[in-house]
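To start, the structure under review is shown below, and the notes come after it.
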Amino acid sequence: MKLIETIGLSKCYNEDSPASHRIYAVSDVNLTILKGETLGLVGESGCGKSTLSRMILRLEKITSGQVLFKGEDITGYRYGHMRRLRKDIQIIFQNSGSSFNPHFTVEQIITEPLANYKKMSRTAYREQVVQVLEKVGLDEEYAFRYPSQLSGGQRQRVGIARALVLNPEFVVCDEPVSSLDFTIRGQVLRLLGNLKSQLGLTYLFISHDLSAVKRMCDRIAVMYMGSIVEVIPREAVESGKARHPYTVALLSAALTTDPRKRREKKVLLKGELERGTASDGCLFNNRCLYAEPVCKTAKPALKFVDDHHQVACHLFRGMQGKGCRLQGPDPSAGQSA
Amino acid sequence: MEDQAVLSIRDLRTYFYDSRGNVAVKAVDGVDIDVYKGRITALVGESGCGKSITSLSVLGLIERPGKIVSGQVLLKGRDIRKCSREEMRGVRGREISMVFQDPYAALNPVMKIGWQLSEAILAHEKVSGEEARERSLRLLQKVGLDRPEKIMKSYTFQLSGGMCQRVMIAIAMASNPSVLIADEPTTALDLTIQAEILEELNRLKKESGMGVLLITHDLGVVAEMADDVYVMKAGKIVEKGSVYGIFENPRHSYTKELLGSIS
Ligand SMILES: Nc1ncnc2c1ncn2[C@@H]1O[C@H](COP(=O)(O)OP(=O)(O)O)[C@@H](O)[C@H]1O
Ligand SMILES: Nc1ncnc2c1ncn2[C@@H]1O[C@H](COP(=O)(O)OP(=O)(O)O)[C@@H](O)[C@H]1O
Ligand SMILES: [Mg+2]
Ligand SMILES: [Mg+2]
């Protein structure tokens, strides 16, 4: 079942500027998130991941396009409708700690969203808080602590508890472990995985870290300058079927975890992202090692190459052909770990 | 490895004190590290374990309430902790260069890049302005920047993070240092740019034969770059070894825990 669907979703932060100066942080995104799956969203910082997810959660004004939740168009939802929806769709931020009121105890932090929806006795609130803390692996005693008395990992657990206390169906995890130390990172990722299967959650898992994404996600959407360039099942990534040159470059740039698998050439693109460059062609063409004339003049559409695999690249001829026409990248290049 | 190390840190201790003069944090607590010519030595550990304070101690840049309590920093056998402030200024940037995590913070925002580079060259060599300019251009090319003339005329805000980090590396390479200390040089950068900068560091190390002390919290960077590895925890080195030894046959439980977190 489609839990979330976006249709032509776009975001322009400078709508008031003349048309030629408008910059789209997200442009024309068509994305489907199935109930029960974890969809990864990867791309370099600034490519529009947070903006896209905030539009899906209706935390950001939508410039154009639609968001459907269980088939229902929620784009125009206001107050009452939105309030009901809020319970079902939640977000865990990179730095949950910084969004906490420092003068609130953990109990108050977690009770806040709860009190918005359910009027209960104090002891009932307390019970719910203790329950959700237990789910995220924190003892009851943490309920009385202030954010400053928590470690980074514990704060992130409280952030997760706060997101889960209303029993949502859909949770956006926006770089949930990026600010955590390695040993803690593993614990929090494991926790998120367990909670998902226990509670039957659906995740949109945002990260610039491909290894975390490969570990957590069923499908991965790769974003470049506001557009989705490839949506690919995890197994396809693992068996070297990534097709978009940008995805291949990202995979190749990922660091190995085995010093015997170092490779000389890891850089499979040129230059750096230049923001605000508008182009009639493929947005990646100026960094692509394989660009052809058509790439400068026409935008490639996101096309299915397989049941669950979509690519937006002129150089890829679709599933009838021999697959990728690209000569350069070794398709297994990214599989270092 | 029998060669003498270019940089040897011996029993280094750097503490921070509270207002009453008691030890508040033993940030570096008896550290020994050897950095060899033409090799990359990684110092790896989680944030707060004392990596940056180790490198600042080597460079003599510890300020109050911190203090280097004991230890030696031997540069080609000479204990530079005995150097005067003036002498240390000569050591920094000439014999030991440094690259930090945040290039925007390390570069001067109101001076053009060309100026900052020339200054770095002129700081330890008496050459003409014209010669300094020529060398600046060559340095920028050497660190993989395409349009050096344009970069020379730019301010930092006009450059991307990856370009700024390359400029930092160019400045660090200006004196042909025997040791480069790189403290989380790619932590703030995107994956593809990180790969480029690491590739660049490797190439420069090979060309110049300098010893590199690479500080990182990222085991991926270690696996990709290091020859020798020191694992640090709470101010102490808990394990050292070749990169293969550390990854394939870790002995200390903390090293095992770190490695467990990435597999
Ligand atoms: N509130 C805002 N106003 C103007 N521009 C913004 C705002 N938020 C984000 N942007 C711009 O939109 C682009 C996408 O940002 P973001 O969605 O945060 O990217 P990501 O999460 O992938 O790092 C960036 O270029 C960013 O500068
Ligand atoms: N100016 C300071 N005053 C007090 N403690 C400090 C200061 N700078 C660093 N420390 C402490 O020294 C320890 C090591 O810090 P640092 O070397 O920066 O860690 P990292 O390994 O992340 O680079 C930390 O516990 C930190 O809190
Ligand atoms: Mg973001
Ligand atoms: Mg540090």
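Every chain is numbered from 1 and lettered A, B, ... according to where its sequence line falls, protein lines coming before strand lines. Values below: every heavy atom of this structure, side chains too, minus hydrogens, waters and symmetry copies.
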Query raised in the report: Looking just at side-chain N and O atoms, do B:E46 and B:Y254 make a donor-acceptor pair shorter than 3.5 Å?
Result: yes
Query raised in the report: Contact part of B:I246 toward chain A, heavy-atom cut-off under 4.5 Å: side chain, backbone, both or neither?
Result: neither
Report task. Let me know if B:V221 has heavy atoms under 4.5 Å from chain A in its side chain, its backbone, both or neither. Result -> both
Query raised in the report: Which pairs, with at least one residue in residues 239-252 of chain B and sequence neighbours excluded, count as a salt bridge (Lys or Arg N to Asp or Glu O under 4.0 Å)?
Result: A:R260-B:E248
Report summary line: Nearest heavy-atom approach of A:G40 to A:V213 is CA-CG1, 4.2 Å
Report task. Just give me the residue among B:H217, B:M225, B:E199 that pairs up with chain A most often, heavy atom to heavy atom, under 4.5 Å. Result -> B:E199
Query raised in the report: What part of B:M163 is in contact with chain A, defined as an atom under 4.5 angstrom from a non-hydrogen atom: side chain, backbone, both or neither?
Result: both
Requested in this report: In plain terms, say whether B:K51 and B:D218 are close enough for a salt bridge, that is, a side-chain N and a carboxylate O under 4.0 Å apart.
Outcome: no
